[in-house]
Amino acid sequence: MTDARLVVAGAVVDPATRRLLLAQRRYPPEVAGLWELPGGKVEAGESPEAALRRELREELDVEVRVGSALAERVALRDDLTLIALRAQIVAGTPRPADHEALRWVDTVGLGEFARDGLLVPADAVWVPELLTELGG
Ligand code: 9L3
Ligand code: MG
């Protein structure tokens with residue numbers, strides 16, 4: 001039996017504009033074209049915070065400061081759990097190395113993405129918390 005693995009996603013918020021960064025997936029086919037909080041798998045021996053910094057460096061070419069976790073954890077499969085950590089960009093401007101496109105959304109934009117079913121299903125659980133956070 002293998003250890004459960006974590007996938008870490010970044011709730012990247014720009015405090016100046018109160019916008020959240022969404023990234024459009026290219027793969028796999030089931031979620032291609034849908035939008036997510038960017039991130040990826042935590043490697044063996046790596047902390048979730050370090051994994052998120054690495055993933056956002058690889059995927060977006062930015063350096064981030066990682067904060068606290070969002071409340072919800074999502075079981076993707078028996079052996080894979082998805083978490084989200086708050087993050088702020090401290091260097092660089094995000095560009096999509098791995099994604100089709102990037103978008104900064106405010107509460108209205110995030111609400112529209114959610115309403116229109118444009119978010120990857122796993123990430124939809126974070127919408128209420130993110131709406132509160134962006135709006136509050
Ligand atoms: N996943 C779901 N929501 C997210 C992220 C970053 C990832 N916000 C799922 C998609 C894949 C798995 O986790 O099944 C691994 O993610 P990646 O390495 O393909 O980004
Ligand atoms: Mg990824």
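Counting convention: from 1, in listed order, for ligands and their atoms alike. What's counted below: heavy atoms across the whole structure, side chains too, no hydrogens, waters or symmetry copies. For clarity, every value in this text was computed on a predicted model and none was experimentally measured.
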**OP:** Number the atoms of ligand 1 from 1 as they appear, then name those within less than 4.0 Å of a heavy atom of Val7, with their elements.
**Re:**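 That gives atoms 7 (C), 13 (O) of ligand 1.
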**OP:** List every atom of ligand 1 that sits less than 4.0 Å from any heavy atom of Gly39, numbering the atoms from 1 in the order shown and giving each element.
**Re:**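 So the answer, numbered in order with elements, is 6 (C), 20 (O).
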What about [X]: any of its N or O atoms under 3.5 Å from an N or O on ligand 1?
{"X": "Trp126", "result": "no"}
{"X": "Leu37", "result": "yes"}
{"X": "Ala9", "result": "no"}
{"X": "Arg25", "result": "yes"}

Subject >> Heavy-atom protein neighbour under 4.0 angstrom from atom 3 (N) of ligand 1 >> reply: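 For atom 3 (N) of ligand 1 the answer is yes, since some protein heavy atom falls inside 4.0 Å.
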Subject >> From CA spacing to verdict: side-chain contact (heavy atoms from CB on, under 4.5 Å), Val7, Leu80 >> reply: CA-CA 7 Å; Val7 177; Leu80 206 56; 3.8 Å; yes
Original post:
Side chain of Gln88, backbone of Pro15: donor and acceptor closer than 3.5 Å?
Top reply: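 Looks like no, no N/O pair under 3.5 Å.
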Original post:
Hey, is the main chain of Glu72 close enough, under 3.5 Å, to the side chain of Trp126 for a donor-acceptor pair?
Top reply: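 Present.
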State whether [X] and [Y] are salt-bridged, where the test is any N-O pair (Lys NZ or Arg NE/NH1/NH2 against Asp/Glu carboxylate O) under 4.0 Å.
{"X": "Glu133", "Y": "Arg86", "result": "yes"}
{"X": "Arg95", "Y": "Asp61", "result": "yes"}
{"X": "Arg54", "Y": "Glu46", "result": "yes"}
{"X": "Arg57", "Y": "Glu63", "result": "yes"}

**OP:** Take atom CZ of Arg26 as the centre, draw a 6.0 Å sphere, and report whether it contains more than 12 heavy atoms from other residues, nucleotides or ligands.
**Re:**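 Check passes, neighbour count above 12.
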Protein heavy atom at shortest distance from [atom]:
{"atom": "atom 18 (O) of ligand 1", "answer": "Gly40 CA, 3.7 Å"}
{"atom": "atom 5 (C) of ligand 1", "answer": "Glu36 OE1, 3.2 Å"}
{"atom": "atom 14 (O) of ligand 1", "answer": "Leu76 CD1, 4.8 Å"}

Original post:
Do any N/O/S atoms of Gly39 come under 2.8 Å of the Mg ion (ligand 2)?
Top reply: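 Here the distance criterion (N, O or S atom, under 2.8 Å) is met by Gly39, so yes.
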Original post:
Taking just the N, O or S atoms of Glu59, which one is nearest to the Mg ion (ligand 2)?
Top reply: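 Considering only N, O and S atoms, Glu59 comes nearest to the Mg ion (ligand 2) through OE2.
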Subject >> Of all pairs that satisfy salt bridge (Lys or Arg N to Asp or Glu O under 4.0 Å), the ones with a partner from residues 115-127, not counting sequence neighbours >> reply: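 Salt bridge (Lys or Arg N to Asp or Glu O under 4.0 Å) check on residues 115-127 returns no pairs.
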Original post:
What do we get for Leu82 next to ligand 1 when only non-hydrogen atoms under 4.0 Å count, side chain, backbone, both or neither?
Top reply: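 Looking at Leu82 and ligand 1, just side chain atoms fall under 4.0 Å.
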